Structures are given as structure tokens and as C-alpha cells.
2 protein chains.
Amino acid sequence: MEKEFPKPSVTVDMVIFTILEGELKVLLVKRALEPFKGRWAIPGGFVRIAESLEDAARRELQEETGVKDVYLEQLYTFGEPERDPRGRVITVSYMALSNADKINLSASTDAAEAKWFSVSELPKLAFDHQKIVSYAIKRLRWKFEYTSIAFSMLPEKFTLGQIQKVYEIVFEKRFDKRNFFKKLHSLNILNEAGVKSDVPHRPPMLYSLKKNVPEIMEIL
Amino acid sequence: MEKEFPKPSVTVDMVIFTILEGELKVLLVKRALEPFKGRWAIPGGFVRIAESLEDAARRELQEETGVKDVYLEQLYTFGEPERDPRGRVITVSYMALSNADKINLSASTDAAEAKWFSVSELPKLAFDHQKIVSYAIKRLRWKFEYTSIAFSMLPEKFTLGQIQKVYEIVFEKRFDKRNFFKKLHSLNILNEAGVKSDVPHRPPMLYSLKKNVPEIMEIL
DNA sequence: ACAAAAGTGTTGAGAGTACACCCATGC
DNA sequence: GCATGGGTGTACTCTCAACACTTTTGT
């Protein structure tokens, strides 16, 4: 702690997930500058000197997507000396989950070009962003299994079918409807919230997530 | 990415666990300088400009404990602007697990005073180190439940009784011997490795961990 | 012989998994 | 009346938890 060392730069980078067109998507922005000019990258930026890491992540998130209240979770800090050709840049990565309806990409001011990509069809990414995205997908699956974060990708009121579909997309496999609903009911985390009646078939029950549901609780 | 921002400092701080005297212990060092002079803190230091985060952690670890090969895992990055009164310091925290036999505290060159503290009797810590230690304990328990990291706190050859004791210390509760051994056997991760014969009772079988055991695998 | 830890099976409860049919609505 | 997703129960398997006595050694 005695002497001054040359300092690295610190950034936050974010893997923003949503469900769109029946697929798990990640938001990418096209880099306008060197290095990796023209390549796709996950959104991020430098941490300001007086702002917390999470504040930096939320600020960047809002600049890119216009969204304020999303689930946000720190993932991992990547700090290989060679990860950025411009010099030493350590990045603290975050993942964000959002409900596609809330996001208005065109309103974003920052990035010249931002686009949703299916996780199964990602382009070549800048820096070590591929590694960050892979890590985020693992964490996402893990969290889906053990917590209720899935609900942050749904509107306030949702049907059981919608939840099941989100799980099926994230895990890339089908679940048995009866077992899935049985499990959800036994967890006792849902409130009934009317019925959805503008559908061309039997009107499904709507549910909302109970308040103060503890985060860790073994969903599947 | 356009302009230069004032840069924060980046440190690594480590929560080093071991089992000693039947208790879970954490290594603390007494701070020789302000701020928090005289307070206990977890060991750590600045990340050098050309070294990776993990290299920095291993270097500090060796300076403090003289130990090279330990289990090391990144935990979380703490970056509240006010966490260090000297200015903006972001710390990447790690946890290390070691087998007490391998550590020789007196050989450490760096810290004036280093001592093992039971996690149940920690003194007031410097900075936000209490938060880091609490986080590390949670992660430790979690990893014990789902992976085989416990074995890195044991010598190469160990008895079933020793493993069980480590689990009992970490979880602060007793397990049923038969169920515990049954579970371990069913995982098929142990090799028999002779018997321990210098004991004043029936000689227990020794075991060693199989090579290439996958890290995640539902232990308990 | 006694102290100390090692070793070993069975039973019951609960959770997970597999599986198929009828229902209510819009068109 | 037909297409579409909604909604529901039972049987089997497997895992987890509870539980007590005998064995082998050193002293």
C-alpha cells in the first residue's frame, strides 16, 4: 500500500438477455472505433471515478437500452493483461435480464447500432466478449434452476404457459406441463391475477409473483 | 472509449481458509499503516500492471503464507466509491482453501503479524473486509455442497472420518456417518490408499481423490 | 477390560418423472 | 366443428433421512 503503481483502466461490460421470437437473445452493439472497429461487442464502458460498479452498469444499461429497472447481477471480473490491445483494462461483467416489451432500442442514444442476437447465432465478438457471454449463459441457466429470476423476463402478469416457455427456451428442452405446473404451485410463490381473455382458445389464468419471494429456492 | 477517465486503483484481497483446532479459520494480517493502522484485515495488495488478477492473488498468497498450490477462486468485485478512505480502490476478492499442514506462517516475509482467526470470533476488520469474509463463507458452504473442493483442505491421503469432520466444521452441524459414507461411495470419486495404522483404535482405511474429478457434482 | 473411532443395512417419506385426455374459447 | 393452447391425476422410481450395534486396535 506504500507506493503508487501504474493503474489499470476499469470498465463494466454487460450481457443483456431477453426472450424474443421464441429465442434467447443477447444485445450487441457495433463498435464505431478501433480496436475491433465494426465488430460486434457487448455494451459497456468505463467506470467513473465516483460511481459504484453497479451504478456504472445501470448507467450504461440505460444509455444502451433506455431501460431502468431490470434484474442486474455481477458475474465475474476479467483481467488478463492482454485482453484489450489498448492497454491494461480490467472489466467487471454483469448480466441483465429484461422483458423485451420494456425495451426500446431505437431510443438509445449511445450506440450507433444495437441489435438482438440469438445466443445460438452469435457473430464473432470483440475482445474476450465471447468468453463473457458464455460465462453469462452458464450463470443464467444455473440461476434459472435455483432461483426465481426467470420472472424478471416476463410482464407483471403472466400465464403458466409463458413461464414454461421461458424455461424451455433457456434450457433448450421441453418440460412436462403437469410436472412443471405442479412444481410451481408447490413453491407457493404465485398469486392468481385474473384471466387473460383476448386469446383464440380457452382463457388462461394469469398469475403474478408474490412479493418478497426469497431469491434462492430451488425452482426446478 | 474516447477520452481518458481518472483511473481507480485495483487490488486483490483474499480470504484464506483452513481447518485448525477443529474450527474453520481465516488468515488475517495486522495493518502496519494508516488507514486502519493496527486493525486486522484480510491479506491483499495492488495488482501490477502486467500481471493477471489470478497471478496477483497467487503472488500475494505466497508472500503472506509461503504456499503455492492451493485452491483459488475469484469471488466478487467490490467497488463502492467510499470503501477505501484513501481514494477509489476497487478490489477483486478471492478465496483460497488450504490444508493447514502446508502453511508456515512464520516464513512469511510480508506481514508483520499474521494470525488464524476462527470465523466465529473475528475481530473488527478494516475497510469492508467483514463483508468480503461473510461473502466468502457463504460461497464456501455453497461450493462444499455442490463440488469436491473440500478435499483441498485435506492431505493427499485421508480417512472418511476426516472428510466428515471437515464438512461438519464448515456447516456447523453433525452428519450421520452411514449416510455420509454411503453418499461418498456412490459418487465414485475415491480410491483406496492403504490403511492408517498409527492410531489408538481400529485402523481406518485411507482414501485419495481420483484424478480428473469434475468440479461440479452434487456432493451432499 | 476398557476406551475410541471404524465400519456397516434397512425402512419410510417425499420428490421427481413418465404419461393422456377433456375443456373453453375464437374463428 | 375445428384449431389452439389450457388445465388436470396417478403410479413408479429414486433419493434422502432416521436409526444402533459390532469390530479392531492401543493401553
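No experiment lies behind these values; they were computed from the predicted model shown. The figures here come from the full heavy-atom set of this structure, side chains too, leaving out hydrogens, waters and symmetry mates. Note on naming: letters A, B, ... go to the chains in the order of the sequence lines (proteins, then strands), and numbering restarts at 1 for each one.
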Restricting both atoms to N or O, compile the protein contacts to nucleotides 4-14 of chain C shorter than 3.5 Å, with distance only.
residue: dA6(C); atom: N7; partner: K177(B); partner atom: NZ; Å: 3.3
residue: dG7(C); atom: OP1; partner: M205(B); partner atom: N; Å: 2.8
residue: dG7(C); atom: N7; partner: K177(B); partner atom: NZ; Å: 2.8
residue: dG7(C); atom: O6; partner: K177(B); partner atom: NZ; Å: 3.0
residue: dT10(C); atom: O4; partner: K182(B); partner atom: NZ; Å: 3.0

Is the shortest distance from a Lys or Arg side-chain nitrogen in R59(B) or E63(B) to a carboxylate oxygen in the other one below 4.0 Å?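 Yes.
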Before accepting this row, confirm whether a basic side-chain N of the pair R58(B)/E54(B) lies closer than 4.0 Å to the acidic partner's carboxylate O.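 Yes, this pair counts.
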Could you tell me how the ring of F158(B) sits relative to the ring of F151(B): parallel (under 30°), tilted (30 to 60°) or perpendicular (over 60°)?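 Geometry flag for F151(B) against F158(B): tilted rings.
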Looking only at heavy atoms, what is the nearest atom pair of [X] and [Y], with distance?
| X | Y | value |
| --- | --- | --- |
| G194(B) | M205(B) | O-SD, 3.4 Å |
| T11(B) | V47(B) | C-CG2, 4.0 Å |
| V70(A) | L97(A) | CB-O, 3.5 Å |

First of E218(B) and V199(B) reached from the 5' end of DNA chain D, by closest nucleotide: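 Comparing both residues, the 5'-ward one is E218(B).
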For [X], all residues meeting side chain to side chain donor-acceptor pair (under 3.5 Å), sequence neighbours excluded:
| X | answer |
| --- | --- |
| Y76(B) | none |
| D128(A) | R83(A) |
| K210(B) | N188(B) |

Students should find this one: the first and last nucleotides of DNA chain D, 5' to 3', lying under 4.0 Å from a heavy atom of chain A. What are they?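 Footprint of chain A along DNA chain D, 5' to 3': dT4(D) to dT10(D).
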Stacked cation flag K131(A) on Y135(A), 6.0 angstrom / 45 deg: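 No - K131(A) does not lie over the ring of Y135(A) by the 6.0 Å and 45° rule.
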May I ask you to list the residues of residues 165-174 of chain B, by number, that have any heavy atom positioned under 4.0 Å from an atom of DNA chain D?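 Of all residues in residues 165-174 of chain B, none places a heavy atom under 4.0 Å from DNA chain D.
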